[in-house]
Each structure stands twice: as C-alpha cells, then as structure tokens.
Novice: 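Below is the structure I would like to discuss, written out as structure tokens.
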Amino acid sequence: MDIRDTLKQLCAAMGPSGFECTAADIAADLLRPLVDEVSVDRLGNVIGVKRCGKPDAKRLVLDAHLDEIGLIVTGIEEGFLRFTSIGGVDPRVLPGRELMVLADKPLPGVVICTPPHILTAEGREKSIPIDELYIDIGLSQQQAEAAVPVGTPVVYRESCFCLGKNQMCGKAMDDRACFAALLRTMERLQDKELDVDVYVLGSTFEEVGGAGAKTGVYSIDPDWCVAVDVTHGKTPDSPKEKVLKMGGGPAIGVGPNMTRWMTQRLKDKAKALDIPFQLEVMGGHTGTNAWPIQICREGIATALVSLPLKYMHTPTEVLDLSDVEHLAQLLAEFAVGLGEEGQAC
C-alpha cells in the first residue's frame with residue numbers, strides 16, 4: 001500500500017466527533033481487502049476482523065480513532081456564523097483560517113480576522129476567545145439561515161501534503177495516521193500464521209470522551225487491546241521533557257494505564273527486530289482511548305503505542321513516515337504468537 005496516498009484519502013475526509021460517517025466509509029473501504037469481515041456499528045465505529053481459523057481463538061483489538069476536532073454552528077448574526085468547538089480546538093490558530101461548513105451542500109468559509117492596522121496595541125497581543133469569533137461564508141442573513149442550520153459541523157479545509165523528504169502535513173493526522181498504520185499492520189499480517197483473531201477498531205467520539213471505543217470494545221469482548229494514538233513530536237520551542245523525537249520510532253506507553261507484560265512484550269519485540277522505539281512515561285490518565293478501554297467489562301489488558309506528531313490539534317499536523325512504518329511493523333510482530341505467549345493480566 002502507498003502510505004502517502006492512504007494518508008491523503010483518510011485526512012481529506014471530513015468527520016468531526018459525532019459526524020464521522022464520511023471518514024468511516026473511506027476507512028471501511030480501505031480495510032475491507034485486508035480482513036475477513038467489516039461492519040459499522042450503531043455509534044459509527046468501523047470494526048474489521050481477520051480470523052485465525054482456530055476454534056475459540058482469543059481476541060486482540062487494535063484501536064485508532066477516526067474522528068477529528070472541529071466546530072459546530074450555534075447561531076447566525078448578519079450572515080456570519082457563531083460557533084463553538086467540538087473537541088480541543090486551540091482558538092489561537094483560528095483567525096484567518098479556511099474552513100468547510102458541512103451543510104447539505106458544503107460551503108467554504110473563513111474565520112474573521114481583524115487586520116492589525118486597526119487593532120489596539122492590547123488587541124494585537126491577545127488570543128481571541130472562540131465565543132468572540134465568527135465564520136464568514138459570504139452570504140446575507142437570509143441566505144445563511146437557509147443554507148446553514150444551527151448544529152451544522154465545521155472542519156478545517158487544509159489538505160494533506162508532503163513536507164520535506166519523509167514528513168507529511170495535514171489536518172486530522174490525529175488520529176487518521178494511526179488508522180493508516182493499522183491498515184499497514186493488517187497488510188503485514190496477510191501471510192502470517194496467527195493464533196488469535198485480530199480486530200481493527202476505527203472508533204468514534206474520541207475527541208469528546210471516547211464513547212466509540214467504550215462501546216466498540218464492549219461488543220467485541222477482547223482478551224487484549226492496543227490503543228494507538230498520537231503523542232507530541234519534538235520542535236525547537238517545545239519542553240524537552242514532554243516531547244519525543246520525530247523519526248525515532250513509535251512511543252511505547254509506560255504507566256498504570258498500561259498492562260506491564262504487554263508493555264514489556266512490545267519492548268522485547270522491538271529490540272529483537274531492531275525496530276526503533278521510544279518510551280513515554282505517563283503517571284495517570286493518558287488522554288487516549290486506552291483509559292476507558294482498560295476498565296471496559298471486567299477489565300481488559302491494555303497497551304498504548306503512540307505516533308510522534310508535531311503541531312497536534314492544528315490544521316497542519318506533521319508526522320514522519322518512517323514512524324508510521326515502524327509502528328505497523330511493531331504491531332504486526334506483537335500480534336504473531338500472542339495466543340500462546342499472552343497472559344491474562
């Protein structure tokens with residue numbers, strides 16, 4: 001599979017939390033040739049399974065969420081749209097930003113941006129709160145009311161493109177890049193003999209609490225789950241203790257949210273096969289689907305592997321393609337032989 005093309009397809013889809021249908025359709029189409037069965041559940045989760053063919057086989061879930069952060073229209077004033085956020089939108093990046101308003105007939109829009117020439121000195125120094133911003137769609141009040149109902153979702157308009165030789169930039173890399181890694185994982189497993197059924201869960205609602213992962217994992221009832229999400233990549237201005245190296249390999253989570261033997265197995269597999277990896281220590285809530293998954297049903301043995309990403313929750317998220325490939329390699333090797341080698345807790 002061409003990882004660049006896959007990323008472009010997934011990231012181009014417009015699917016904020018609660019409105020993931022378009023992204024889910026594309027994800028399901030990409031997953032279908034790599035597994036035995038694909039379904040979409042009531043909350044919009046995409047669930048694929050590759051069966052090992054053994055009776056009463058144990059189940060491994062690989063989870064990556066399909067939703068992205070976004071906005072939602074709350075009102076219209078003089079043709080301009082008022083809005084609030086879906087998920088963790090940073091208001092600092094909004095002024096002047098190009099958007100797509102996902103009405104029945106999608107419309108382009110821009111967030112209003114007062115030119116610096118007419119701002120006060122104080123105004124030039126402050127970030128504008130979301131409740132003071134508007135979206136300009138170039139319509140009158142009457143036209144806007146007819147075209148854009150209150151409750152219409154909005155997403156960033158930016159596309160996905162190459163940055164340098166081995167990096168890519170675009171919206172919704174969080175977490176569509178990790179779903180792309182799961183697709184590559186399943187491609188790697190095509191000719192492997194498995195002793196577990198491997199489920200791919202493209203979950204919904206992660207940016208607003210993780211409801212998709214909770215219900216999806218509950219229905220699958222797995223023995224083990226690996227949540228796959230993004231973490232913070234290193235930039236010159238970032239605190240060194242909170243970021244990881246771009247191109248340094250996937251980050252294996254260490255902490256109470258992760259089952260110790262699964263963390264150790266990931267590390268052992270990476271070392272044995274010379275797969276580059278990094279460790280990410282998290283003392284409590286990981287801010288990922290691993291947190292609710294761990295306590296689903298009677299409790300599920302859970303691991304977390306993350307993809308370093310620069311500029312998270314902006315429309316220009318950046319990743320290193322080698323990290324995507326190494327993440328897929330690690331997950332595939334983790335799955336092989338898991339039925340015989342895996343533990344209960």
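Note that the coordinates shown come from a computational prediction; the quantities given were computed from them, not determined experimentally. Sequential numbering from 1 along the given sequence is applied to the chain's residues.
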Novice: If you define the side chain from C-beta out and look only at heavy atoms, does anything of M14 sit under 4.5 Å from T22?
Specialist: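 Answer no - side chains too far apart.
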Novice: I'd like to know if R51 and E37 make a salt bridge, using a cut-off of under 4.0 Å between side-chain N and carboxylate O.
Specialist: yes
Novice: If we check side chain to side chain contact (heavy atoms under 4.5 Å, CB included) with L71, which of these qualifies: T152, V154, I86, V101?
Specialist: V154
Novice: Output side-chain donor-acceptor pairs under 3.5 Å for residues 135-143, partner residues at least two apart or in another chain, one line each.
Specialist:
from : atom 1 : to   : atom 2 : distance (Å)
D136 : OD1    : G138 : N      : 2.8
S140 : OG     : Q143 : N      : 3.2
S140 : OG     : Q143 : OE1    : 3.2
Q141 : OE1    : E78  : N      : 2.7
Q141 : OE1    : G79  : N      : 2.8
Q141 : NE2    : I76  : O      : 3.3
Q141 : NE2    : E145 : OE2    : 2.7
Q143 : OE1    : S140 : N      : 2.9

Novice: May I ask whether L201 and L189 are part of the same hydrophobic cluster, defined by side-chain heavy atoms of I, L, V, M, F, W, Y residues being less than 4.5 angstrom apart, directly or through others?
Specialist: no
Novice: In chain order, what residues pass the side chain to side chain donor-acceptor pair (under 3.5 Å) check against E206, with sequence neighbours excluded?
Specialist: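 E206 satisfies side chain to side chain donor-acceptor pair (under 3.5 Å) with H65 once adjacent residues are dropped.
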Novice: Got a salt bridge between K171 and E317, using NZ or NE/NH1/NH2 to carboxylate O under 4.0 Å?
Specialist: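 No salt bridge links K171 with E317.
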Novice: So does K58 pair up with D197, basic N to acidic O under 4.0 Å?
Specialist: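 So K58 does not pair with D197 through a salt bridge.
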Novice: Compare all side-chain heavy atoms of L307 with those of V228 and state whether any distance is below 4.5 angstrom.
Specialist: no
Novice: Hydrogens and angles aside, do T84 and D131 bring a side-chain donor and acceptor to less than 3.5 Å of each other?
Specialist: no
Novice: Side-chain donor-acceptor pairs under 3.5 Å in residues 43-50, sequence neighbours left out?
Specialist:
from : atom 1 : to   : atom 2 : distance (Å)
N45  : OD1    : T204 : N      : 2.9
N45  : OD1    : T204 : OG1    : 3.2
N45  : ND2    : D41  : OD1    : 3.4
N45  : ND2    : D41  : OD2    : 2.9
N45  : ND2    : G212 : O      : 2.9

Novice: With side chain to side chain donor-acceptor pair (under 3.5 Å) as the rule and sequence neighbours excluded, what pairs involving residues 1-10 come up?
Specialist: D5-Q9
Novice: Is it the case that one hydrophobic cluster holds both M173 and L163, taking links as side-chain heavy atoms less than 4.5 Å apart, direct or via other members?
Specialist: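 Not linked; separate clusters.
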Novice: Among all residues two or more places apart in sequence or in another chain, which pass the salt bridge (charged side-chain N to carboxylate O under 4.0 Å, His left out) test with R97?
Specialist: E158
Novice: Restricting to salt bridge (charged side-chain N to carboxylate O under 4.0 Å, His left out), what partner residues turn up for R82, sequence neighbours left out?
Specialist: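 Once residues adjacent in sequence are excluded, the partners of R82 under the salt bridge (charged side-chain N to carboxylate O under 4.0 Å, His left out) criterion are E77.
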Novice: What residues, two or more places apart in sequence or in another chain, satisfy salt bridge (charged side-chain N to carboxylate O under 4.0 Å, His left out) together with D29?
Specialist: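 With sequence neighbours excluded, D29 shows a salt bridge (charged side-chain N to carboxylate O under 4.0 Å, His left out) to R32, given in chain and number order.
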Novice: Run the side chain to side chain donor-acceptor pair (under 3.5 Å) test against D175 and tell me which residues pass, sequence neighbours left out.
Specialist: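 Side chain to side chain donor-acceptor pair (under 3.5 Å) list for D175, sorted by chain: empty.
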Novice: Side-chain contact test, heavy atoms from C-beta onward, threshold under 4.5 Å: evaluate it for Q264 versus R260 and give yes or no.
Specialist: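 Heavy-atom side-chain distance check fails, nothing below 4.5 Å.
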Novice: Hey, does I69 have a side-chain heavy atom less than 4.5 Å from the side chain of S17?
Specialist: no
Novice: Is there any ring-ring contact (aromatic ring centres under 6.0 Å, His included) pair reaching into residues 293-334, and which pairs are they, with sequence neighbours excluded?
Specialist: none
Novice: With sequence neighbours excluded, give me every side chain to side chain donor-acceptor pair (under 3.5 Å) pair touching residues 238-255.
Specialist: T235-S238
Novice: Among residues two or more places apart or on two chains, list those pairs meeting ring-ring contact (aromatic ring centres under 6.0 Å, His included) that have a residue in residues 276-308.
Specialist: H285-W291
Novice: By the ring-ring contact (aromatic ring centres under 6.0 Å, His included) test, which pairs, at least two apart or in different chains, include something from residues 127-153?
Specialist: none
Novice: Could you tell me whether the side chain of L34 reaches within less than 4.5 Å of the side chain of Q190, counting heavy atoms only?
Specialist: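 In contact.
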